[in-house]
Amino acid sequence: YFGENKDKLEIMVGDLLREKGKNIATAESCTGGYIAHLLTSVPGSSAYYEGSFITYSYDLKSEMLGVDKQTIYDKGAVSEEVVLQMAEGVRKHMNVDYAIAVSGIAGPDGGTEEKPVGTVWMALATPEGVEAKKFLFGRMRMNNIRYTAITALNWLRKELLAN
C-alpha cells in the first residue's frame with residue numbers, strides 16, 4: 001500500500017526525489033524501458049530523472065554498463081551478480097544518487113527449471129551501496145514487466161522514505 005484514490009507510485013517517487021534534491025537513472029533489460037516510461041510520464045521529471053540504458057543484449061550490458069562478460073556467461077544475465085554490476089554501472093556513468101537495474105525472464109518462453117519464466121533480479125544503488133533482490137512474478141509477459149517496474153519503484157520509494 002503506497003497511496004489512495006488517484007495517487008500514482010511514479011508521482012510519489014518523483015516528489016520524494018525532488019524534495020530530497022536527488023536524482024536517478026535506470027538500467028533496464030526485461031522491462032525494455034517501462035520504468036523509464038513511468039518516471040518520465042510525470043510532468044517535471046527532468047528535475048530528477050537523468051536517463052536510462054536499455055541493455056537487452058549481453059554485449060550492451062558489458063559495453064555500456066561495464067558488466068563483466070565472464071560473469072554474464074558464468075551466472076547468466078538474470079542473476080544477482082549481473083544486476084549489481086548493472087546498477088553500479090548506470091549510477092557511475094550517469095553520475096546519479098540512485099540507480100535501478102532489472103534483468104529477468106518476462107516470458108512466455110525462455111525459462112528453465114533453475115530460472116523459470118517470471119524470474120527477475122533487480123538492484124538498487126544508493127549513496128550507501130548497492131543491493132539486489134530476486135522475485136518470481138509469474139508466466140504472463142506484460143504482467144511481469146509491470147510488476148517488475150512497480151516493485152522497483154516501490155523499493156526506491158521505501159528507500160527514500162527511510163533515508
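Along the sequence shown, residues carry numbers from 1. Since this is a predicted model, take the numbers as computed values, not measurements.
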- Query: So Ile100 and Met122, side chain to side chain contact (heavy atoms under 4.5 Å, CB included) or not? Walk me through it.
  - Reply: CA-CA 7 Å; Ile100 291 171; Met122 63 182 69; 5.5 Å; no
- Steps toward salt bridge (Lys or Arg N to Asp or Glu O under 4.0 Å) verdict (Arg91, Asp97): CA-CA 7 Å; Arg91 186 167 177 264; Asp97 301 299; 5.7 Å; no
- Query: Are Tyr48 and Trp155 connected, step by step, through hydrophobic side chains (Ile, Leu, Val, Met, Phe, Trp, Tyr) whose heavy atoms are closer than 4.5 Å?
  - Reply: yes
- Among Leu156, Thr26, Ile11, side chain to side chain contact (heavy atoms under 4.5 Å, CB included) partner for Leu39: Thr26
- Task: Find out if a path of hydrophobic residues (ILVMFWY) with successive side-chain heavy-atom gaps under 4.5 Å connects Val117 to Val120.
- Result: no
- Message: Has Ser62 got a side-chain atom pairing as donor or acceptor with Val67's backbone, closer than 3.5 angstrom?
- Response: yes
- Query: Should we say atom CG of Asn163 is surrounded by more than 12 heavy atoms from elsewhere, each under 6.0 Å from it?
  - Reply: yes
- Do you know the tightest heavy-atom contact between Glu10 and Leu153? CB-CD1, 4.4 Å
- Heavy-atom pair with the smallest gap, counting every atom of Glu28 and Ile35: OE1-N, 3.0 Å
- Note on the structure: Ala47 and Arg18 have their tightest heavy-atom pair at CB-NE, 4.3 Å
- Query: Does atom CD of Glu128 have more than 12 heavy-atom neighbours, drawn from other residues, nucleotides or ligands, at distances under 6.0 Å?
  - Reply: yes
- Query: Mind checking whether Ile24 and Val130 sit in one hydrophobic cluster, side chains of I, L, V, M, F, W, Y counted as touching below 4.5 Å?
  - Reply: no
- Message: Are Ile150 and Leu17 linked, directly or through intermediate hydrophobic residues, by side-chain heavy-atom contacts shorter than 4.5 Å (ILVMFWY only)?
- Response: yes
- Query: Under a single-linkage definition using a 4.5 Å side-chain heavy-atom cutoff for Ile, Leu, Val, Met, Phe, Trp and Tyr, are Phe135 and Met140 assigned to the same hydrophobic cluster?
  - Reply: no
- Message: So does Tyr98 get a backbone contact from the side chain of Lys22, meaning a donor-acceptor N/O pair under 3.5 Å?
- Response: no
Tell me which donor-acceptor pairs under 3.5 Å the side chains of residues 75-90 have, and how far apart each pair is, sequence neighbours excluded?
residue: Ser79; atom: OG; partner: Gly76; partner atom: O; Å: 2.8
residue: Ser79; atom: OG; partner: Val82; partner atom: N; Å: 3.3
residue: Gln85; atom: OE1; partner: Asp68; partner atom: N; Å: 2.7

- Message: Show the nearest heavy-atom pair for residues Gly51 and Met94, with the distance to one decimal.
- Response: C-CE, 3.6 Å
- Query: Can you list the steps and then say if Ile54 with Thr31 is a side chain to side chain contact (heavy atoms under 4.5 Å, CB included)?
  - Reply: CA-CA 9 Å; Ile54 301 171; Thr31 50; over 6 Å; no
- Item | Heavy-atom pair of closest approach, residues Ile105 and Lys115 | CD1-O, 3.2 Å
- Query: Roughly how far, to the nearest 0.5 Å, is NZ of Lys61 from OG1 of Thr71?
  - Reply: 13.0 Å
- Message: Just verifying a value: how many Å separate Ser45 OG and Leu38 CG, rounded to the nearest 0.5 Å?
- Response: 11.0 Å
- Can you list every side chain to side chain donor-acceptor pair (under 3.5 Å) pair that touches residues 129-152, not counting sequence neighbours? Tyr56-Arg141
- Item | Closest non-hydrogen atom pair, Cys30 against Ala106 | O-CB, 4.4 Å
- Query: How far does OG of Ser29 sit from OH of Tyr58, to the nearest 0.5 angstrom?
  - Reply: 9.5 Å
